[in-house]
> 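This is the structure, below, for whatever I ask next.
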Amino acid sequence: ALHAGAHALLLGPSGSGKTTFINIVTGLLTPSHGSISIAGELMSALPASGRDALRRRTIGLVFQTLRLIPALSITQNLLLAQRLATGAGDAGAVRAMIERVGLGHRA
């Protein structure tokens with residue numbers, strides 16, 4: 001079990017199942033046996049839409065490959081992601097976040 005606020009490092013050679021494990025934990029894949037609970041909810045028992053909603057509320061996922069829309073700026077990509085997650089966009093919050101991580105000059 002990994003408790004709230006805890007950090008973990010997942011190591012292993014290529015092909016050992018790290019990506020598969022992450023995809024199962026985040027609900028992108030359903031385990032063939034066993035179960036995954038996230039924030040007290042049984043992720044592995046939810047339908048795809050429920051897994052999407054739980055992931056959106058509780059998990060930060062950064063893909064290895066860039067998943068931005070090339071025709072949009074960084075700010076526009078973040079506003080789009082925010083709108084998809086919450087139904088609204090907050091440009092001020094996006095600007096603050098970009099500045100906080102030191103990427104204001106890239107926005």
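Residue numbers count from 1 along this sequence. Nothing here was measured: the structure is a model prediction, and the numbers come from that model.
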> Say whether, by atom type as modelled, one donor and one acceptor occur between the side chain of Arg51 and the main chain of Met43 under 3.5 angstrom.
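Not confirmed, Arg51 side chain does not pair with Met43 backbone.
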> Side-chain atoms of residues 85-92: list all donor-acceptor pairs with protein atoms under 3.5 Å, sequence neighbours left out, distances to 0.1 Å.
residue	atom	partner	partner atom	Å
Thr86	OG1	Gln82	O	2.8
Thr86	OG1	Ala88	N	3.3
Thr86	OG1	Ala88	O	2.8
Asp90	OD1	Gly92	N	3.1
Asp90	OD1	Ala93	N	3.0

> Nearest 0.5 Å please: distance from the CD1 atom of Ile59 over to the CG atom of Leu28.
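These two atoms lie 8.5 Å from each other.
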> Heavy atoms, side chains only, cut-off 4.5 Å: are Ile38 and Val25 in contact?
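A side-chain contact exists here, since the closest heavy-atom pair is under 4.5 Å.
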> With sequence neighbours left out, what residues match Leu42 under side chain to side chain contact (heavy atoms under 4.5 Å, CB included)?
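Applying side chain to side chain contact (heavy atoms under 4.5 Å, CB included) to Leu42 gives Ser35, Ser37, Ser44, Ala45.
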> May I have the list of side-chain donor-acceptor pairs in residues 100-107 shorter than 3.5 Å, sequence neighbours left out?
none

> Judged by atom type as modelled, is there a donor-acceptor pair below 3.5 Å linking the side chain of Asn77 to the main-chain atoms of Leu68?
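Side chain of Asn77 to backbone of Leu68, a donor-acceptor pair under 3.5 Å: no, none is there.
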> Kindly compute the distance separating CD1 (Ile69) from CG (Leu80), expressed to the nearest 0.5 Å.
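Output value for this atom pair is 5.0 Å.
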> What pairs with Arg57 under salt bridge (charged side-chain N to carboxylate O under 4.0 Å, His left out), at least two apart in sequence or on another chain?
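So Arg57 forms a salt bridge (charged side-chain N to carboxylate O under 4.0 Å, His left out) with Glu41.
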> Taking side chain to side chain contact (heavy atoms under 4.5 Å, CB included) as the definition, give me every residue that meets it alongside Gln76, ordered by chain and number, with sequence neighbours left out.
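So Gln76 forms a side chain to side chain contact (heavy atoms under 4.5 Å, CB included) with Leu72, Ser73.
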> Checking side-chain contact (heavy atoms from CB on, under 4.5 Å) between Leu78 and each of Arg95, Arg83, Met97, which is the one that passes?
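In the set Arg95, Arg83, Met97, the residue that makes a side-chain contact (heavy atoms from CB on, under 4.5 Å) with Leu78 is Met97.
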> Only pairs under 3.5 Å count here: list side-chain donor-acceptor contacts from residues 11-24, not counting sequence neighbours, and write none if there are none.
residue	atom	partner	partner atom	Å
Ser16	OG	Pro13	O	2.8
Lys18	NZ	Gly12	O	2.8
Lys18	NZ	Pro13	O	3.1
Asn23	ND2	Thr19	O	3.3

